[in-house]
Amino acid sequence: PAEPTMVLRLKFLNDTERLARVRPGDTVGALKRAYFPGQEQQVRLIYQGQLLRDDAQSLAALHLAHNSVLHCHISQHSPAPAPAGPHASADPVHAALNVGSLMLPLFVLMLAVLWYFQLQYRHVFTATATTFLAGLTLLFSFMAFTMYRR
């Protein structure tokens, strides 16, 4: 007798959903391979607040029912180098909310404002504050250089 199929709802961070037709005997890894080919290492599946870490675990062992919701997070950083083709822009919500890319310009702007005030209002800044500002600028420059020289 054939194993009955059930439908799982794969819900993404941008509130889109995708239906997955699976069998209870299928594993978490098989689900990732079937619905996220080439991205298995980047996909994180969450069921009832628990990250499904074990790809060998069967869906029946998770007590998934028909129409259960699995939350899906697709990481933009994979452990192995991935081709930067159509997958790079596959999730525009992640690209729009990437606050990390704004950190460098934000720190540069803050340092520039602090140096402006130091030059315009020199009498307010003590020697210790000026030394600290210079050290912070050197530290930040070194960190930015090492991070972005790739």
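Note that this is a predicted model, so its numbers are computed, not measured.
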Check your understanding: What residues form a side-chain hydrogen bond (donor to acceptor under 3.5 Å, both in side chains) with Q118, not counting sequence neighbours?
Key -> T130
Point to revise | Minimum heavy-atom distance T137-W115, with the two atoms named | key: OG1-NE1, 2.8 Å
Check your understanding: Is it true that atom CD of E17 has more than 12 heavy atoms of other residues, nucleotides or ligands lying nearer than 6.0 Å?
Key -> yes
Practice item. Determine, step by step, whether T146 and F142 satisfy the side chain to side chain contact (heavy atoms under 4.5 Å, CB included) criterion, reporting the C-alpha distance in whole Å, the side-chain angles of both residues, the deciding distance to 0.1 Å, and the verdict. Key: CA-CA 6 Å; T146 56; F142 176 74; 3.8 Å; yes
Study note, to complete from the structure: Output for pair (Q50 CD, Y47 OH), nearest 0.5 Å, gives 11.0 Å
Review point. How about R21: does its CZ atom have over 12 heavy atoms from other parts shown lying under 6.0 Å from it?
Key: no
Exercise for review: Indicate yes or no: at least one non-hydrogen side-chain atom of I74 is less than 4.5 angstrom from one of F12.
Suggested key: yes
**Study point:** Value rounded to 0.5 Å, distance of CZ in R44 from CZ in R53
**Key:** 9.0 Å
Practice item. Rounded to the nearest 0.5 Å, what's the gap from CD on Q48 to OG on S68? Could you check? Key: 7.5 Å
Check your understanding: Cluster question for you: counting only ILVMFWY and a side-chain heavy-atom cut-off of under 4.5 Å, with indirect links fine, are F145 and L138 together?
Key -> no
Check your understanding: Where do P24 and P4 come nearest, in terms of heavy atoms and distance?
Key -> CD-O, 3.1 Å
Practice item. Any chance you could measure Q39, atom CD, to R33, atom CZ, to the nearest 0.5 Å? Key: 14.5 Å
**Study point:** pair L64-L59: side-chain heavy atoms closer than 4.5 Å
**Key:** yes
Exercise for review: State, to 0.1 Å, how close V69 and K11 come at their nearest heavy-atom pair, and which atoms those are.
Suggested key: CG1-CB, 3.9 Å
Exercise for review: Kindly compute the distance separating CG (L31) from CD (E40), expressed to the nearest 0.5 Å.
Suggested key: 10.5 Å
Check your understanding: Any idea which heavy atoms bring L52 and K32 closest together, and the distance?
Key -> O-NZ, 4.4 Å
Point to revise | Which atom of V28 lies closest to which atom of D54, heavy atoms considered | key: CB-O, 3.7 Å
**Study point:** Heavy-atom closest pair, residues T27 and D55
**Key:** CB-O, 3.3 Å
Point to revise | F132-L114 co-clustered via ILVMFWY side chain contacts under 4.5 Å | key: yes
Practice item. Indicate if M110 and L133 have the same hydrophobic cluster label, given that clusters are the connected sets of ILVMFWY residues with side-chain heavy-atom separations under 4.5 angstrom. Key: yes
**Study point:** CA sep, side-chain torsions, deciding dist, call: C72, F36, side chain to side chain contact (heavy atoms under 4.5 Å, CB included)
**Key:** CA-CA 10 Å; C72 303; F36 306 97; 4.0 Å; yes
Point to revise | Donor-acceptor under 3.5 Å (Q42 side chain, S75 main chain) | key: yes
Review point. Looking at L10, L70, L8, which hits side chain to side chain contact (heavy atoms under 4.5 Å, CB included) with Y35?
Key: L10
Review point. Linking I/L/V/M/F/W/Y whenever any side-chain heavy atoms sit under 4.5 Å apart, do V108 and L136 land together?
Key: yes
Review point. Under a 4.5 Å side-chain heavy-atom rule over Ile, Leu, Val, Met, Phe, Trp and Tyr, are F125 and V113 clustered together?
Key: yes
